[in-house]
Amino acid sequence: MKGYIYVYDQRSAYLKKLFLENGVELVNSIEDEADFYFVKNQKLNRKNVFSLSSLNQNYHFRHLNNMLTAMGIYLKILQEKRNHSILILGFGDLGKQLANLLKNQYDVTICNRNYKDYDQIIQNYKHIDFENLRGTYDLIINTIPHVVIDYQNVSYQKIIDLAQTLELQNYQSIRNVPERSFPYEAALLMYDTIQEVMHHV
C-alpha cells in the first residue's frame, strides 16, 4: 500500500510516522499516485481521500475522539481548581462523556435542547431546560454547534466553548483538544480508522 500524508500539525506528523513505522510507502507529493491521501482540507478528485472532517463521519472514530476531547477538558478543569458548579450545554456523545467524567467531583447541571435523555439526566445530574437557561455556575461548557445560546440570565465565572466562537466576557473557544492534549493518541485513532477503511477497499 502507498499513501500520501499532508503534515500540518503534531497529530498529522505522528500519523505519518505511524504509517512509515508500519511499512507503508509514502509519496512526497499530492500529485503522485497513491492508494490513499490524507489532507487538511484540500479538494482532491481521487479515491480514498481522508481528512479530519471525513474521519469524523465514522461513528467509532468520532466517539473515541470525543473521549480524548472530554479527557483533555477534564484535565484542564482539574488544574484550575476553582470550579465547583458546572453547566454542560448539550447531551450528545461529547456532553455525555464530559458529564460522566465530572459528576463525581463537581456539581454538574445538564442543559439540552430535547427530552430524549431526560430520564438518564435526572437520575445522575441536575437539569435545566434550554429555553429557560438561567442560574449561577463557576463554569459553563458548551458542546452545541450552530445554535444561538442566550447567556443573558446566566451568571458564570468562565465559559469554555467546544462548538462555537463568540465575543463574550470570560470566554474561551477551544478547538482540536485531542491535538493539544493527546496528539499521539489522536494520530493512532486516525491511523486505525484509515487502515480499517483501506482493508475493506
Side-chain angles (χ1 to χ4, degrees), residues 9-11 52 55-56 58-190 193:
D9 59 12
Q10 194 174 2
R11 179 175 42 186
L52 199 54
L55 291 174
N56 263 312
N58 177 300
Y59 171 78
H60 185 67
F61 173 84
R62 187 170 64 248
H63 176 70
L64 294 174
N65 204 53
N66 281 340
M67 203 177 281
L68 293 179
T69 300
M71 184 56 75
I73 294 301
Y74 172 70
L75 293 173
K76 179 178 174 56
I77 292 168
L78 278 182
Q79 289 171 353
E80 292 180 357
K81 296 179 180 174
R82 62 172 186 227
N83 302 299
H84 300 288
S85 60
I86 298 177
L87 172 64
I88 298 175
L89 301 177
F91 202 63
D93 185 55
L94 178 55
K96 286 175 183 168
Q97 293 194 51
L98 277 166
N100 190 49
L101 284 171
L102 296 167
K103 70 181 179 185
N104 292 327
Q105 291 169 277
Y106 302 95
D107 182 14
V108 176
T109 302
I110 304 295
C111 176
N112 63 334
R113 294 178 292 166
N114 57 54
Y115 284 85
K116 187 177 74 166
D117 298 299
Y118 181 74
D119 290 339
Q120 180 188 349
I121 292 169
I122 60 170
Q123 284 176 8
N124 298 290
Y125 314 100
K126 294 177 182 174
H127 176 266
I128 58 169
D129 187 74
F130 187 77
E131 299 301 322
N132 192 31
L133 186 57
R134 62 184 67 246
T136 300
Y137 306 93
D138 295 319
L139 176 65
I140 299 174
I141 305 171
N142 177 44
T143 69
I144 306 172
H146 316 303
V147 172
V148 176
I149 299 169
D150 183 5
Y151 292 104
Q152 193 171 347
N153 296 319
V154 183
S155 174
Y156 61 89
Q157 298 294 319
K158 183 176 181 179
I159 295 176
I160 294 177
D161 202 325
L162 302 175
Q164 300 186 37
T165 302
L166 304 172
E167 293 292 328
L168 294 170
Q169 200 171 18
N170 301 319
Y171 175 92
Q172 186 177 16
S173 178
I174 303 177
R175 296 292 187 281
N176 295 321
V177 175
E179 152 66 17
R180 292 166 182 239
S181 303
F182 308 104
Y184 178 77
E185 292 79 1
L188 201 52
L189 293 181
M190 294 158 70
T193 306

Interatomic spacing from [atom1] in [X] to [atom2] in [Y] - rounded to 0.5 Å:
X: Cys111; Y: Ile121; atom1: SG; atom2: CD1; answer: 9.0 Å
X: Arg175; Y: Gln164; atom1: CZ; atom2: CD; answer: 8.0 Å
X: Gln172; Y: Leu162; atom1: CD; atom2: CG; answer: 9.5 Å
X: Ile88; Y: Leu98; atom1: CD1; atom2: CG; answer: 5.0 Å
X: Gln123; Y: Tyr118; atom1: CD; atom2: OH; answer: 11.0 Å
X: Ile110; Y: Lys103; atom1: CD1; atom2: NZ; answer: 10.0 Å

Minimum-distance pair of heavy atoms, taken over all atoms of [X] and [Y]:
X: Tyr74; Y: Leu102; value: CD1-CD2, 3.7 Å
X: Ser173; Y: Thr165; value: OG-OG1, 3.1 Å
X: Tyr137; Y: Ser85; value: CA-OG, 3.3 Å
X: Gln120; Y: Asn124; value: O-ND2, 3.0 Å
X: Ala99; Y: Val108; value: CB-CG1, 4.5 Å
X: Arg11; Y: Ala186; value: CD-CB, 3.5 Å

(request) Give the C-alpha distance, both sets of side-chain angles, the deciding distance and a yes or no for side-chain contact (heavy atoms from CB on, under 4.5 Å) between Asn65 and Leu55. (result) CA-CA 10 Å; Asn65 204 53; Leu55 291 174; over 6 Å; no
Side chains of [X] and [Y], heavy atoms from C-beta outward: is any pair under 4.5 Å?
X: Leu64; Y: Thr193; answer: no
X: Leu52; Y: Asn176; answer: yes
X: Lys76; Y: Ile160; answer: yes
X: Ile144; Y: Phe130; answer: yes
X: Leu78; Y: Gln105; answer: yes

(request) Run the numbers on Ile86 and Ile77 for side-chain contact (heavy atoms from CB on, under 4.5 Å), then give the verdict. (result) CA-CA 10 Å; Ile86 298 177; Ile77 292 168; 4.2 Å; yes
[Y] backbone acceptor or donor facing [X] side chain under 3.5 Å:
X: Asn132; Y: Ile128; value: no
X: Arg113; Y: Leu89; value: no
X: Gln10; Y: Glu179; value: no
X: Glu185; Y: Pro178; value: no

Counting only pairs under 3.5 Å, give me each side-chain donor-acceptor contact of residues 148-155, with atom names and distances, residues two or more places apart or in other chains.
from, atom 1, to, atom 2, distance (Å)
Asp150, OD1, Gln152, N, 3.0

(message) Can you tell me which residue among Thr69, Leu75, Ile73 is in a side-chain contact (heavy atoms from CB on, under 4.5 Å) with Met71?
(response) Leu75
(request) Take Tyr156 and Leu87 through the test side-chain contact (heavy atoms from CB on, under 4.5 Å) and record every step on the way to the result. (result) CA-CA 9 Å; Tyr156 61 89; Leu87 172 64; over 6 Å; no
(message) Run the salt bridge (Lys or Arg N to Asp or Glu O under 4.0 Å) test against Lys126 and tell me which residues pass, sequence neighbours left out.
(response) Asp107
(message) List the residues meeting ring pair (Phe, Tyr, Trp, His ring centres under 6.0 Å) with Tyr59, not counting sequence neighbours, and say none if there are none.
(response) His63
(message) For Tyr184, give me all partners under ring pair (Phe, Tyr, Trp, His ring centres under 6.0 Å), at least two apart in sequence or on another chain.
(response) Tyr14
(message) Test: salt bridge (charged side-chain N to carboxylate O under 4.0 Å, His left out). Region: residues 89-100. Which pairs qualify, not counting sequence neighbours?
(response) Lys96-Asp117
(message) Give me each pair satisfying salt bridge (charged side-chain N to carboxylate O under 4.0 Å, His left out) with a member in residues 134-148, each pair once, sequence neighbours excluded.
(response) none
(request) Describe, in one word, how the ring planes of His127 and Tyr115 are oriented to each other, choosing from parallel (under 30°), tilted (30 to 60°) and perpendicular (over 60°). (result) tilted
(request) Would you check, one step at a time, whether the test side-chain hydrogen bond (donor to acceptor under 3.5 Å, both in side chains) holds for Tyr171 with Asp161? (result) CA-CA 8 Å; Tyr171 175 92; Asp161 202 325; 2.7 Å; yes
(message) Go through it in stages, so that I can follow the logic: the residues are Arg62 and Asn66, the test is side-chain contact (heavy atoms from CB on, under 4.5 Å), and I'd like the CA-CA distance, side-chain angles, deciding distance and then a yes or no.
(response) CA-CA 6 Å; Arg62 187 170 64 248; Asn66 281 340; 4.0 Å; yes
